[in-house]
*Asks:* 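Questions regarding the structure given below will be posed in turn.
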Amino acid sequence: MENPATIPSEDAASTLAALRSTRARTRADLRSYWFALVVFGALTLLSTPFFDLWDGAGVGLFWLVAAPLGMAAMARYHRNRDDELGIAPAPRAYIITAGALVAACFGLGFGGGFSDQPDVATFGPPLAIAVAYVVFAWLERSAVLALVACVMGGLTVALAAADVANAGQILAGAYGASFLTLGLLARRWTTTPR
Amino acid sequence: MDDDAPLTNPVAGLDNTIHQRVRLGILTVLCEAERADFGYLRTTLELTDGNLSSNLATLEHAGLVELDKTYEGRRPRTWVRVTAAGRKALADEIAVLEALVLRVNGTSRRTP
């Protein structure tokens with residue numbers, strides 16, 4: 001083994017550069033948020049007709065069925081991808097964020113509805129989604145995902161302030177279309193198993 | 001450089017076990033993930049089977065990584081994960097390397 005005491009500084013600098021490159025490549029290989037965006041973007045678009053059912057409760061019931069299905073699809077996708085690629089991301093931060101997101105969405109959606117606070121029920125869940133996607137963007141080191149999540153969060157706040165009719169459906173359409181589009185684009189940037 | 005700076009040379013902090021590019025590379029990959037398999041490490045770090053095996057054995061012996069040998073059907077597969085000690089060793093090593101580069105760069109800036 002080489003003696004550390006003889007390591008020249010150029011060697012240290014080039015070693016650090018090589019490690020940065022290795023880390024960047026590993027992170028790129030681990031990046032796979034496109035699937036979640038496509039699944040939940042599509043489900044969000046599918047949810048828009050349910051806003052008109054049962055006095056607004058229809059969309060909550062839609063997500064009671066759709067959310068577990070979407071998560072099951074994601075778990076299956078990631079298990080297969082990890083096995084094929086040979087590397088698996090640390091899941092804890094993702095699970096905690098997703099759990100908090102589900103709790104916030106159902107809590108704000110149903111809680112706002114039951115307590116007769118329609119603004120909380122309408123704008124709370126999309127705002128929680130925007131915040132959660134900023135966290136996912138940080139976990140994935142994706143500036144474009146963070147940007148889209150911030151734009152959606154800003155749109156939510158703007159619609160809440162403007163008191164627009166059918167704001168829930170407008171937001172569902174905007175979130176669904178933007179996440180689905182970004183997901184399909186991001187798929188092209190994602191590493192496929194070698 | 002600050003004249004009051006401690007005289008300790010950063011080189012003294014380098015860890016002989018991991019101060020080697022392949023081992024640093026292995027730990028760098030593993031610190032980004034929950035686990036990686038032998039094939040991924042070999043391809044990503046552009047190593048031979050023998051080279052990777054011997055470096056993994058050294059890291060495992062030092063308690064810096066854990067190996068999990070499994071079978072998928074009849075095909076053997078080795079998953080590798082970094083331990084807490086491995087994470088700390090990599091962070092310490094990078095800090096020492098950065099300090100070394102900073103120190104030498106500071107010296108060279110003063111020298112015409």
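Computation of the quantities below employed the complete heavy-atom set of this structure, encompassing side-chain atoms and omitting hydrogens, waters and symmetry-equivalent molecules. Just so it is clear: chains get the letters A, B, ... in the order the sequence lines come, proteins before strands, and each one is counted from 1. Since this is a predicted model, take the numbers as computed values, not measurements.
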*Asks:* If hydrophobic clusters are built by linking Ile, Leu, Val, Met, Phe, Trp and Tyr wherever their side-chain heavy atoms come under 4.5 Å apart, do L159(A) and V120(A) end up in the same one?
*Replies:* no

*Asks:* For the residue pair T22(A) and G25(B), what are the closest heavy atoms and their distance?
*Replies:* CG2-O, 4.2 Å

*Asks:* Check whether any side-chain heavy atom of R21(B) sits under 4.5 Å from a side-chain heavy atom of D11(A), and report yes or no.
*Replies:* yes

*Asks:* Given that the side chain runs from C-beta out, which part of A18(A) has a heavy atom under 4.5 Å from chain B: side chain, backbone, both or neither?
*Replies:* side chain

*Asks:* Would you say V39(A) ends up clustered with W34(A) if hydrophobic residues are merged whenever their side chains have heavy atoms under 4.5 Å apart, either directly or through other cluster members?
*Replies:* yes

*Asks:* Please find the pair of heavy atoms, one from L16(A) and one from E98(B), that lie closest to each other, and give the distance.
*Replies:* CD1-CG, 3.7 Å

*Asks:* So what's closer than 4.5 Å to chain B heavy atoms on D83(A): side chain, backbone, both or neither?
*Replies:* both

*Asks:* Quick check on R27(A) against chain B: is it the side chain, the backbone, both or neither that has a heavy atom closer than 4.5 Å?
*Replies:* side chain

*Asks:* Are there over 12 heavy-atom neighbours, none belonging to R87(B), within less than 6.0 Å of that residue's CZ?
*Replies:* yes

*Asks:* Please say yes or no: joined through hydrophobic side-chain contacts below 4.5 Å, possibly via intermediate residues, are W79(B) and L85(A) part of one cluster?
*Replies:* no

*Asks:* Could you tell me which non-hydrogen atom of A13(A) sits nearest to which non-hydrogen atom of V101(B), and how far apart they are?
*Replies:* N-CG2, 3.6 Å

*Asks:* When hydrophobic residues are tied together by side-chain contacts of less than 4.5 Å, even through go-betweens, does L69(A) share a cluster with F62(A)?
*Replies:* no

*Asks:* Can you tell me if CD on E46(B) sees more than 12 non-hydrogen neighbours from other groups inside 6.0 Å?
*Replies:* no

*Asks:* Could you tell me whether D116(A) atom CG has more than 12 heavy atoms of other residues or ligands within 6.0 Å of it?
*Replies:* no

*Asks:* Mind checking the CG-CG spacing from L19(A) to L24(B)? Nearest 0.5 Å is all I need.
*Replies:* 5.5 Å

*Asks:* Identify which part of R77(B) has an atom lying under 4.5 Å from any heavy atom of chain A, answering side chain, backbone, both or neither.
*Replies:* side chain

*Asks:* Are D37(B) and I87(A) side-chain neighbours, meaning at least one heavy-atom pair lies under 4.5 Å?
*Replies:* no

*Asks:* Please list, in residue-number order, every residue in residues 27-36 of chain B that has a heavy atom less than 4.5 Å from any heavy atom of chain A; write 'none' if there are none.
*Replies:* T28(B), V29(B), E32(B), A33(B), E34(B), R35(B), A36(B)

*Asks:* Would you say M74(A) ends up clustered with L182(A) if hydrophobic residues are merged whenever their side chains have heavy atoms under 4.5 Å apart, either directly or through other cluster members?
*Replies:* yes

